[in-house]
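Only one structure is covered here, and it is reproduced in the block below.
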Amino acid sequence: MVSRSPADRLTARDFAGAALVLLFAAALRFHCLGCEALWLDEGFSWWDAKQPLGDLWSVVPRCDPHPPLYALLLKGWIAAFGESVIAVRSLNATIGVATAGVVMLAGREIGPRTAIASGLLFATAPFQIEFAHEARPYALLALAAAMLVFGILRILRAEEGAGRPARTGWLVFVAGGALALWSNNTAILLLGAGIRPLLRPGLVAGAAILLLWAPYMPTLAEQAGGVAADFWIPRPDWWRVANELRFAIGFWTFPSLWPLAALWALGLLALWRRGDRREAIALAAIPLLTVGLNLGVSLLVRPVYIARALIGIGPAFVVVIAAAIATLEKRAVRIAAVVAMVGVQLSVASALYATHPRKEPWNDIARIADAAAGADGIVLVASSQEALPLAHALQMAGLQVPVRGVPADFPAIGLAARYPSGKCTPSIEGQDLTAIRNAVEGRPVVVFITRRDNVYDPHRDVEILLAWMGYRQLEFIAFQPGYLEMRIFVPAATRR
């Protein structure tokens with residue numbers, strides 16, 4: 001076992017280096033936060049945060065298949081900073097900066113060379129930047145995962161007599177585990193991967209975490225029943241396994257995934273050879289077991305394997321890569337290796353700023369829909385959840401146009417209908433559209449917004465209804481990304 005006690009003393013240079021890394025992480029995460037409108041999933045987050053506190057624990061989990069903690073945090077955040085795109089997304093940008101700090105602390109448990117390298121690699125990781133730019137709970141899950149990694153490494157150092165108190169490690173581990181479970185429903189798989197290397201004390205900590213999570217378990221059981229019955233994530237094959245990993249830990253390309261995996265294996269080998277065997281096992285278990293458990297559940301129960309739910313493997317993966325670089329003897333070579341990795345990651349991440357649109361163009365959709373509908377028209381959306389990002393875009397632009405969800409306004413709970421995701425957005429197939437017919441009757445313009453190959457309206461029932469009512473399509477507009485479509489209908493007798 002290599003003694004690391006001298007590295008425990010933080011110097012002014014250490015603090016300065018960490019501060020620069022955090023500033024770098026902040027610059028990458030706050031830049032261009034408001035470049036594009038909220039997209040559909042972020043519309044859910046915005047809607048969630050606007051609900052009464054009581055509904056955060058009852059209605060919201062039925063509509064958005066995530067624990068309500070992120071919605072609660074966002075509710076307080078927008079109360080303080082407003083509902084603009086930048087305000088809504090800045091919570092996750094802040095969380096992402098904090099996560100970079102925790103990753104550096106975790107890296108320091110391996111050694112001083114690993115600390116700054118870990119921070120820089122995490123700060124520039126494209127997938128982490130992407131979800132720090134997005135108002136969804138995944139950045140919170142990454143923070144929880146970083147806390148788990150730091151807690152585990154601190155505990156192991158204390159047990160190996162490296163002079164660190166274990167109490168801090170256990171507190172951070174328990175807090176990180178609870179935060180993970182309150183951030184994402186599949187985080188129980190990440191937690192299981194983290195507990196395994198800690199043996200019996202880890203089971204005690206796991207019991208404490210489950211106790212903190214207990215109030216949410218009845219809601220989770222209800223959500224799990226809905227997912228088991230019907231959910232949109234496809235069943236994974238080997239191509240999809242690699243495809244999701246190339247985003248979660250790679251450079252978004254298949255060829256880059258295998259060299260990164262080799263570098264990760266070299267980092268684990270370096271830790272093992274220098275005597276940090278339990279650390280190597282722990283840092284290997286988190287990615288391997290998390291991916292394996294997600295894959296097993298997806299194959300045996302219901303598909304849950306998707307890159308964003310694997311974001312928690314990022315901190316452990318980055319620390320191992322940094323540990324591999326730290327084994328290089330020459331300082332100039334180490335610096336060159338970090339610079340090369342950071343450069344490649346920044347090159348990939350540049351698409352987050354330079355390539356637009358990357359998110360659904362709801363600002364354009366809202367402007368065109370309002371202009372087309374005029375004073376007496378109406379906007380129909382199918383599925384009804386499309387009204388969420390549209391409502392935010394209309395509100396930010398100060399536009400007012402009547403919007404109706406089909407077959408009913410969101411949230412439409414308890415209909416005798418298929419619910420492909422959550423229990424608030426029903427499929428239109430087989431539904432009574434009398435209320436929609438009454439809302440459309442006599443309108444000079446009907447703007448219909450949907451998606452191509454929409455699973456919520458597989459037989460194009462809305463267009464059939466409008467044709468039956470005597471409306472003809474005047475204009476068709478397609479929007480990318482998101483395969484969104486706008487169809488403008490007028491009564492058949494109307495001329496351009």
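Since this is a predicted model, take the numbers as computed values, not measurements.
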How far does [atom1] of [X] sit from [atom2] of [Y], to the nearest 0.5 angstrom?
X	Y	atom1	atom2	answer
Ile313	Ile249	CD1	CD1	4.5 Å
Leu153	Leu105	CG	CG	11.0 Å
Leu40	Leu390	CG	CG	11.0 Å
Leu484	Asn454	CG	CG	9.5 Å
Leu91	Leu33	CG	CG	11.0 Å
Ile321	Leu268	CD1	CG	8.5 Å

Can you name the closest pair of heavy atoms from [X] and [Y] and give their distance?
X	Y	value
Pro458	Ser427	CD-OG, 4.3 Å
Ala382	Thr450	O-OG1, 2.8 Å
Pro255	Pro259	O-CD, 2.8 Å
Ser298	Val304	OG-N, 2.9 Å
Gly312	Leu190	O-CD1, 4.1 Å
Pro236	Leu299	O-CD2, 3.7 Å

Kindly state each residue pair satisfying ring pair (Phe, Tyr, Trp, His ring centres under 6.0 Å) with at least one member in residues 93-130, sequence neighbours excluded.
Phe127-Phe131

[X]: what forms a side-chain contact (heavy atoms from CB on, under 4.5 Å) with it, not counting sequence neighbours?
X	result
Leu300	none
Thr94	Phe30, Trp77
Ser183	Leu140, Leu141, Leu179
Tyr483	Arg452, Gln480

Note, [X] side chain near [Y] side chain (heavy atom, < 4.5 Å):
X	Y	answer
Pro426	Ser384	yes
Leu72	Leu53	yes
Val21	Met104	yes
Ile110	Arg274	yes
Gln128	Val318	no
Val406	Asp457	no
Tyr138	Tyr70	no
Ser421	Tyr456	yes

Pairing residues for [X] by the salt bridge (charged side-chain N to carboxylate O under 4.0 Å, His left out) criterion, not counting sequence neighbours:
X	value
Arg240	Glu244
Arg136	Asp64
Arg89	Glu42
Arg113	none

Can any side-chain N or O of [X] pair as donor or acceptor with the backbone N or O of [Y] at less than 3.5 Å?
X	Y	result
Arg29	Ala123	yes
Glu386	Val381	no
Ser58	Gly54	yes
Thr124	Leu346	no
Thr327	Ala324	yes
Ser347	Gly343	no
Asn294	Tyr305	no
Glu279	Leu156	no
Lys75	Gln51	yes
Arg334	Leu328	yes

Stepwise, does the side chain to side chain contact (heavy atoms under 4.5 Å, CB included) test hold for Tyr353 with His133?
CA-CA 10 Å; Tyr353 312 109; His133 276 180; 3.3 Å; yes

Of all residues at least two apart in sequence or in a different chain, which pass the ring pair (Phe, Tyr, Trp, His ring centres under 6.0 Å) check with Trp57?
Trp182

Considering residues at least two apart in sequence or located in another chain, which fulfil the ring pair (Phe, Tyr, Trp, His ring centres under 6.0 Å) criterion with Phe410?
Phe44, Trp47

Look at the aromatic rings of Trp213 and Tyr216 and report parallel, tilted or perpendicular, splitting at 30° and 60°.
tilted

Using side chain to side chain contact (heavy atoms under 4.5 Å, CB included), reason through Arg418 and Glu429 one step at a time and then give a plain yes or no.
CA-CA 8 Å; Arg418 179 189 172 214; Glu429 185 176 10; 5.8 Å; no

Enclosure of Trp252 CH2 (heavy-atom neighbours >12, cutoff 6.0 Å):
yes

Which residue pairs pass the disulfide (SG to SG under 2.5 Å) test with at least one member in residues 259-300, sequence neighbours excluded?
none

Any chance you could lay out the side chain to side chain contact (heavy atoms under 4.5 Å, CB included) test for Trp362 and Leu38, step after step, and finish with the verdict?
CA-CA 7 Å; Trp362 284 102; Leu38 301 184; over 6 Å; no

Can Glu360 and Arg451 be said to form a side chain to side chain contact (heavy atoms under 4.5 Å, CB included), step by step?
CA-CA 11 Å; Glu360 299 162 353; Arg451 293 179 189 267; 2.8 Å; yes

Test side chain to side chain donor-acceptor pair (under 3.5 Å) applied to Arg308 and Asp41, Thr186, Asn184, the passing residue
Asp41

